Structure formats: C-alpha cells, structure tokens
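Here is the structure we will look at.
Because the structure is a prediction, the values reported are computed rather than measured.
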Amino acid sequence: TRKRFREAFDQINEQFKQVFPRLFVGGEAELRLTDEADLLESGIDIIAQPPGKKLQNVGLLSGGEKALTAVALIFAIFLIKPSPFCILDEVDAPLDDANIGRFNEMVKEMSGESQFVIITHNTRTMEIADTLFGVTMEEPGVSSLVAVRLDDLSS
Amino acid sequence: TRKRFREAFDQINEQFKQVFPRLFVGGEAELRLTDEADLLESGIDIIAQPPGKKLQNVGLLSGGEKALTAVALIFAIFLIKPSPFCILDEVDAPLDDANIGRFNEMVKEMSGESQFVIITHNTRTMEIADTLFGVTMEEPGVSSLVAVRLDDLSS
Amino acid sequence: MKIKRIEIIGFKSFVDKTVLNFESGITAILGPNGCGKSNVIDAIRWVMGEQNAKNLRGQAMEDVIFGGSEKRRAHGMAAVTMVFSNPEGVGTTELNQYSEIMVTRRLYRNGDSEYLLNKTPCRLKDIAELFMDTGVGARAYSIIEQGKIGMILQSRPEDRRVLIEEAA
Amino acid sequence: MKIKRIEIIGFKSFVDKTVLNFESGITAILGPNGCGKSNVIDAIRWVMGEQNAKNLRGQAMEDVIFGGSEKRRAHGMAAVTMVFSNPEGVGTTELNQYSEIMVTRRLYRNGDSEYLLNKTPCRLKDIAELFMDTGVGARAYSIIEQGKIGMILQSRPEDRRVLIEEAA
Ligand SMILES: Nc1ncnc2c1ncn2[C@@H]1O[C@H](COP(=O)(O)OP(=O)(O)OP(=O)(O)O)[C@@H](O)[C@H]1O
Ligand SMILES: Nc1ncnc2c1ncn2[C@@H]1O[C@H](COP(=O)(O)OP(=O)(O)OP(=O)(O)O)[C@@H](O)[C@H]1O
Ligand SMILES: [Mg+2]
Ligand SMILES: [Mg+2]
C-alpha cells in the first residue's frame with residue numbers, strides 16, 4: 001500500500017494544483033511529503049501562493065484564504081475519488097462574495113456525480129440548490145422542517 | 001487578591017446574567033467556579049440556556065449560539081471594566097441576521113465609552129460604523145486603504 | 001448510492017417525526033442560529049454508525065436523545081432511519097438484490113440500542129461495514145463539520161495524511 | 001486613551017506608508033479576503049509590544065516585514081507608529097504632561113529593533129508598561145482575533161479564569 005498511497009498522493013496533488021488556481025483565479029499550490037523516503041509515515045505539507053503574492057508560509061494567509069485553500073484540497077480529493085455524497089456545514093462562512101461565487105460554481109459541477117448537502121446562511125449559495133430545506137423553531141427547542149423543490153418553482 | 005478575584009467574578013457574573021438574555025431575547029446563563037474553596041486556582045464553567053430550551057451541557061449548543069454566548073461574556077467583562085478600545089475581528093461570522101442586529105445594538109451602546117474597531121463582511125454591521133476603512137489590493141500583495149467618515153455623508 | 005430519505009424522531013431537537021426527502025443534486029439547508037441544521041448532519045453521522053458522542057458535540061451518547069424543552073417532556077428514545085438507493089448493488093450478496101437499502105438506529109435512555117437493515121435486526125458492525133462498502137464510510141473528506149474547515153491547514157502534517165489514505 | 005492615528009510601513013501587506021486616522025466611536029474595516037484587514041490588527045498588537053510571532057500568524061518575527069510581491073521587492077524594515085490621546089495622564093510623570101503619546105516600533109531584517117516613545121528611543125519594556133498602565137495591555141478581552149471567539153467555550157475552565165483575572 002506504499003504504492004497505493006503514492007498513486008493517490010500524486011493524483012490528488014495534480015488535481016490540487018489545478019483546483020487552487022481555479023478558486024483563487026490564479027496563483028499556485030501543491031502538496032509535499034515531509035519524508036519522501038518513508039511513504040508509510042510521511043506527513044503532508046501544504047504549499048500555497050495566492051495570485052500576485054510571494055510564496056510565504058501558509059500560516060500568514062488570511063482567514064478566508066486558509067479556508068479556500070482547504071476547500072481546494074477537499075475538492076481535489078473529491079474529484080479523484082468522489083464519495084456518493086458530500087456534506088458541507090457552513091464552510092462558506094469566512095469567504096467573501098467573489099470566492100463564494102467560485103465555490104458555488106465548482107459545487108454545481110461536482111453535484112452531477114455526487115449528492116451535495118450544504119448548510120449555509122448565504123443567499124448566493126441557496127441559488128445553486130435544487131432542493132431547499134428550511135429549518136425553523138417556531139416552538140422553542142423543537143425543530144420543524146419545510147422542503148422546497150426549486151426546479152418546480154423555476155420551470 | 002483572592003478578594004479581588006471574587007469581586008471581579010461576582011460583578012462579571014451579574015452582568016453576564018443580564019447580557020445573555022438581552023442578546024438571546026430571553027433564556028438564562030451564569031458563570032460557576034469549579035472550586036469555590038480555592039479562589040486562586042478555580043476554573044470557570046459557563047452555564048447557558050437559550051430561551052425555551054432545556055438546560056444542557058454547553059457543548060450541544062449550535063455554532064451561532066456558542067459564539068453569541070462567548071460574545072455575551074466578553075461584553076459583560078467589558079461593561080464591568082471597559083478597555084480604552086475593543087477590537088473584534090469577524091466575530092459576527094457565525095451569527096444570523098437577527099443576532100447580528102442585537103450584537104450591533106450593544107456595540108453601539110458601548111462605543112460611547114470605548115473605541116470599537118470591527119472587522120466584518122456584513123453590511124448590517126457597516127451601518128453602525130462612524131468611520132469605514134475600505135481595504136483593497138488593486139495591486140496584488142499590496143494593501144491600500146480608503147477612509148470614509150460616515151457622519152459626513154449622512155448629515 | 002444516493003440518499004433518498006431520512007426520518008428523524010426524538011434525536012436532538014427533532015422531536016416529532018420529521019421526514020427529509022432528498023433528490024439528486026444540491027440540497028441546501030438554511031435557518032436561524034440554533035434551529036437544528038447541524039443536528040440533521042449529526043443524525044446522518046449517527047445512523048451511519050458514529051460511536052463517539054464527542055463527534056456529535058455530546059458528552060455521552062444519551063445526549064442525542066431529545067432532552068425536553070419548556071413545553072415538552074424528554075423522550076425515552078432517539079431513532080433515525082436513512083433510506084438510500086443501491087444501484088451498484090453493494091453490500092452483502094443478500095442486500096445486493098435490493099434497489100433500496102433502509103438503515104435504522106435506535107437508542108433508548110436506559111442505554112439499549114437497536115440496529116436494523118431493511119427492518120431486520122443486525123449489529124452496529126453490519127451497518128458500519130455497509131457504509132464502508134458504499135464508499136461513504138471514509139467520511140473525513142465527505143463530511144466537513146461546522147468550524148472544522150480551518151483544521152486542515154492548522155493540523156500537523158502527520159495528521160493530514162489520513163485524508164489521502166482514505167482516498168487511496 | 002483613544003487611538004488617534006496609526007502609521008504602517010513595510011509591515012506585512014502594507015508596503016508604502018499607510019495612515020489610518022481614527023475617530024471616537026465605531027470604526028468598521030471591510031474588504032475582500034486576503035486584502036489586509038487582519039494585518040491592521042496585527043500591526044496594532046505588534047506596536048503594543050507583542051513578542052510572540054505565532055500570535056501574529058508568523059513563525060519568526062521577521063515574517064512581519066513585507067516579504068515582496070510579484071512586482072515589488074521585499075523591504076528591509078517594518079515600522080508601525082501609534083498616536084493616542086492621553087486625557088487621564090497615565091504613564092510616567094514625564095509622559096503625563098503630554099496630551100498625545102506616540103509609540104513607534106521598528107524591526108530590521110537583520111534582527112535589530114528600535115522602540116520610541118514620543119520620538120525618544122526607549123526599551124520594549126517601557127512600551128509594554130505604558131500600555132499596561134493605560135489598561136489596554138490586558139488584551140485577552142479587548143482584542144478578539146479572527147476565528148478565536150469559539151475558543152472561549154471550548155477552552156478548559158482553568159484557562160478561562162485569565163479573562164476574569166485581567167479584569168480584576
Ligand atoms: N438532546 C437534545 N435535546 C434537545 N435539544 C437539543 C439536544 N441536543 C441539541 N439540542 C439543541 O439543538 C440546538 C443546536 O442545533 P444546531 O446545532 O443544529 O443549530 P444550527 O441550526 O446548526 O445553528 P447555527 O446556524 O448556529 O450553526 C441547540 O440549541 C441545542 O440546545
Ligand atoms: N510579511 C508579509 N509580506 C507580504 N505579504 C504578507 C506578509 N504577511 C502577510 N501577508 C499577506 O497578507 C495577506 C493576509 O492579510 P489579512 O489576514 O489581513 O487578510 P484579511 O483582509 O483579514 O482577509 P480575510 O477576510 O480572509 O480574513 C495574506 O495574503 C498574506 O500573504
Ligand atoms: Mg450549525
Ligand atoms: Mg482576516
């Protein structure tokens with residue numbers, strides 16, 4: 001399984017190198033093994049450089065840049081080996097509108113193959129949904145749910 | 001200083017018991033010492049019960065409820081012993097619109113006495129500002145700042 | 001596999017029976033703070049076999065049973081059922097013949113648990129293995145919990161490798 | 001005390017001299033991801049005497065000096081100046097007479113540091129003590145960093161007591 005890890009790592013890395021500049025509109029990123037000699041124990045470093053900025057250690061990135069880099073990695077793994085469904089709970093919270101727009105575009109593309117369940121407070125993200133579950137607590141402490149099928153409305 | 005800690009704890013606790021129901025529109029909360037006998041080492045437990053819900057361990061609260069409870073504690077401490085200025089970096093990120101409104105109300109009141117610097121992506125929070133600093137990166141990697149004095153615009 | 005429907009009763013803030021009918025594509029869940037959105041996700045992870053109450057924000061597994069509210073008494077049982085389509089025919093040879101698979105998990109306040117596959121009692125182990133076979137079981141990159149997206153960059157390089165391992 | 005103005009040059013993404021004129025009341029800082037908003041907060045903490053680069057998202061203190069961009073070369077020095085009004089006359093008896101206090105901190109890439117109080121060289125210790133006297137130094141509840149609000153509920157009870165101690 002050294003081999004399987006190596007293959008998975010290389011494929012995910014290639015995908016990550018493409019997803020990052022797509023979400024950031026430029027820039028570069030890659031994964032690096034902390035120990036090329038020991039594939040069973042090696043850790044994974046994330047190298048990320050937003051467009052036009054100099055490469056620095058990833059800790060200096062902003063809150064939104066860190067979140068979007070993590071999203072790029074998750075999406076890269078997902079594109080290599082899709083799960084039947086993907087659940088994202090408020091991952092768009094630190095992102096500004098422009099980044100949310102690109103995030104939504106990618107989710108829309110990947111949702112052809114996998115089911116996506118997205119919890120969000122953001123109205124732009126609601127626009128890409130096929131189904132909306134509105135959850136409320138009219139009675140305190142008791143959740144109630146209303147489902148809206150969006151293509152019924154728009155078609 | 002056992003005495004000073006006890007006094008500070010009691011005053012902050014009284015304030016916290018008022019601020020929480022104000023931000024949550026009801027409910028109850030309090031601080032408890034983990035060890036009443038040892039005031040120099042005792043830890044502090046947070047007990048919080050949103051309106052209409054049963055008292056449960058605070059870990060079960062939602063992301064937004066946890067953030068708002070923490071804000072209630074910070075504001076309670078601030079009301080007892082105001083700092084000259086208070087800096088809040090995107091603390092409103094997990095809050096829904098209704099909670100952001102009440103958060104803003106309290107910031108507006110406390111800003112009479114202290115300077116508040118608030119970083120936010122939320123347009124409602126911008127509405128309570130007296131001064132806006134817009135930060136952009138026209139040139140990648142290089143921050144530039146534009147200041148807008150809001151009462152000049154509105155008066 | 002696709003999730004077709006989830007039924008929740010007595011689990012956290014879902015008191016009376018709530019049915020969520022899923023379609024393919026993107027489902028967005030919205031609502032104010034504390035209304036129950038993340039609790040839906042907890043219900044999904046729980047019915048898939050989550051064993052650690054701390055991963056569901058609880059201290060003991062009993063914490064997931066509806067504990068009561070101002071007007072309602074606590075419940076004695078939590079139950080979640082998930083129905084999913086089974087086009088590739090995963091699972092054991094017996095399950096293969098079904099186009100739909102129904103998984104049910106119940107927890108009683110006295111600590112008793114029940115697990116059912118297509119309404120037939122089974123062990124938790126059978127449920128966990130089923131989800132592993134469908135490829136959902138490796139959930140590190142298929143479920144991102146609230147507030148956890150930042151962990152990926154903050155975590156130590158050694159901890160991050162599990163993401164790759166689960167996709168290998 | 002009230003912050004009157006902050007001047008930043010060569011600190012993180014603030015390359016050329018940037019002047020922020022503060023008024024009383026509420027100042028909101030807005031802009032897209034990564035444009036420099038939190039860097040302003042880092043500049044404030046740094047000029048107040050922050051000694052731990054990790055509290056400024058860096059690995060070494062040199063990380064706060066502008067490291068260059070696609071078109072610009074790295075700088076050799078970071079400098080932040082904060083001017084604040086001094087109505088209560090805190091600080092030492094000499095400083096008491098001033099209605100305004102100016103604090104400057106510089107860091108050179110070779111590791112040299114300079115600290116100035118009203119343009120007079122001083123030690124970092126003097127700056128840290130000044131801010132303690134004004135009541136700003138205890139910053140645990142006066143500066144809440146991005147992503148850190150959740151820590152208050154997650155932290156252990158023993159760690160939380162520092163919030164009360166700083167207000168005592
Ligand atoms: N066993 C239980 N019995 C009753 N209520 C519970 C139980 N467990 C959790 N809750 C309640 O569920 C609420 C949290 O719900 P949830 O985390 O789903 O909110 P949310 O919609 O995700 O909100 P946010 O937008 O703030 O993240 C809490 O108020 C909590 O008190
Ligand atoms: N020494 C440095 N030299 C050059 N650029 C730097 C330096 N330190 C940090 N930066 C850059 O500053 C940017 C982060 O800025 P900051 O954290 O202030 O963003 P922000 O406006 O708060 O964004 P967000 O809304 O995502 O939180 C990063 O892109 C980082 O590369
Ligand atoms: Mg939630
Ligand atoms: Mg920031």
Could you check N118(D), L117(D), T120(D) and say which one makes a side chain to side chain contact (heavy atoms under 4.5 Å, CB included) with M102(D)?
N118(D)

Rounded to the nearest 0.5 Å, what's the gap from CD1 on I74(B) to CD1 on I12(B)? Could you check?
10.0 Å

Could you grab the distance from atom OG1 of T18(D) to atom CZ of F133(B), nearest 0.5 Å is fine?
11.0 Å

Give a yes or no on whether a salt bridge exists between E139(B) and K71(D), defined as a side-chain N under 4.0 angstrom from a carboxylate O.
no

Contact class of A70(B) relative to chain D, heavy atoms under 4.5 angstrom:
both

For chain B, which of N33(D), L30(D), L153(D), L20(D) has the most heavy-atom pairs under 4.5 Å?
L30(D)

Scored by heavy-atom pairs under 4.5 Å with chain D, the best of I118(B), I128(B), L132(B) is I118(B)

Using heavy atoms and a sub-4.5 Å threshold, report which of residues 13-20 of chain B line up against chain D, by residue number.
none

Quick check on T27(D) against chain B: is it the side chain, the backbone, both or neither that has a heavy atom closer than 4.5 Å?
both

Ranked by heavy-atom pairs below 4.5 Å to chain D, first place among D45(B), T1(B), D89(B) goes to D89(B)

Which residue out of G36(D), A168(D), G147(D) racks up the most heavy-atom pairs below 4.5 Å with chain B?
A168(D)

Gap between atom CZ of R124(B) and atom CZ of F103(B) - 0.5 Å precision:
12.0 Å

Between I29(D), I164(D), V19(D), V15(D), who has the most heavy-atom pairs with chain B when the cutoff is under 4.5 Å?
I29(D)

Checking R2(B) side chain against L39(B) main chain: does a donor-acceptor pair fall under 3.5 Å?
no

Proximity breakdown for S114(B) and chain D, heavy-atom pairs closer than 4.5 Å
backbone

Note: vs chain B, highest number of non-hydrogen pairs under 4.5 angstrom among V40(D), N39(D), I41(D) is I41(D)

Nearest 0.5 angstrom please: E114(D) CD to C122(D) SG, how far?
10.5 Å

Just give me the residue among Q154(D), Q146(D), K37(D), R72(D) that pairs up with chain B most often, heavy atom to heavy atom, under 4.5 Å.
Q146(D)

Tell me, out of D35(B), L145(B), I46(B), L88(B), who's got the most heavy-atom pairs with chain D below 4.5 Å.
I46(B)

Please classify the contact of N21(D) with chain B as side chain, backbone, both or neither, using a heavy-atom distance under 4.5 Å.
backbone

F84(D) ring center near F22(D) ring center (under 6.0 Å)
no

Basic-acidic side-chain contact under 4.0 Å: E145(D), R57(D)
no

Less than 4.5 Å to any heavy atom of chain D: does that hold for the side chain of A67(B), its backbone, both, or neither?
both

For I3(D), is it the side chain, the backbone, both, or neither that has a heavy atom closer than 4.5 Å to a heavy atom of chain B?
both

Under the side chain to side chain contact (heavy atoms under 4.5 Å, CB included) criterion, do K81(B) and Q11(B) qualify, and how do the steps go?
CA-CA 10 Å; K81(B) 194 169 180 197; Q11(B) 287 179 334; over 6 Å; no

How would you list, in number order, the residues of residues 54-64 of chain B that have a heavy atom less than 4.5 Å from chain D?
V58(B)

Sub-3.5 Å donor-acceptor pair from the side chain of S143(B) to the main-chain atoms of C35(D), do we have one?
yes

Does the side chain to side chain contact (heavy atoms under 4.5 Å, CB included) test come out yes or no for L33(B) and R6(B), once each step is laid out?
CA-CA 10 Å; L33(B) 294 165; R6(B) 180 86 237 182; 3.5 Å; yes

Classify the ring geometry between F11(D) and W46(D) as parallel (under 30°), tilted (30 to 60°) or perpendicular (over 60°).
tilted

Against chain B, label S38(D) side chain, backbone, both or neither, depending on which of its atoms sit under 4.5 Å from a heavy atom there.
both

Under 3.5 Å, is there a donor-acceptor pair between the side chain of S85(D) and the main chain of K2(D)?
yes

Name the region of E90(B), side chain, backbone, both or neither, that has any atom closer than 4.5 Å to a heavy atom of chain D.
side chain

Under 3.5 Å, is there a donor-acceptor pair between the side chain of R105(D) and the main chain of A43(D)?
no

Taking NZ, NE, NH1 and NH2 as the nitrogens, is one of them in D126(D) or R123(D) under 4.0 Å from a carboxylate oxygen of the other?
yes

Checking T131(B) against E23(D): is there a side-chain donor and acceptor pair closer than 3.5 Å?
no

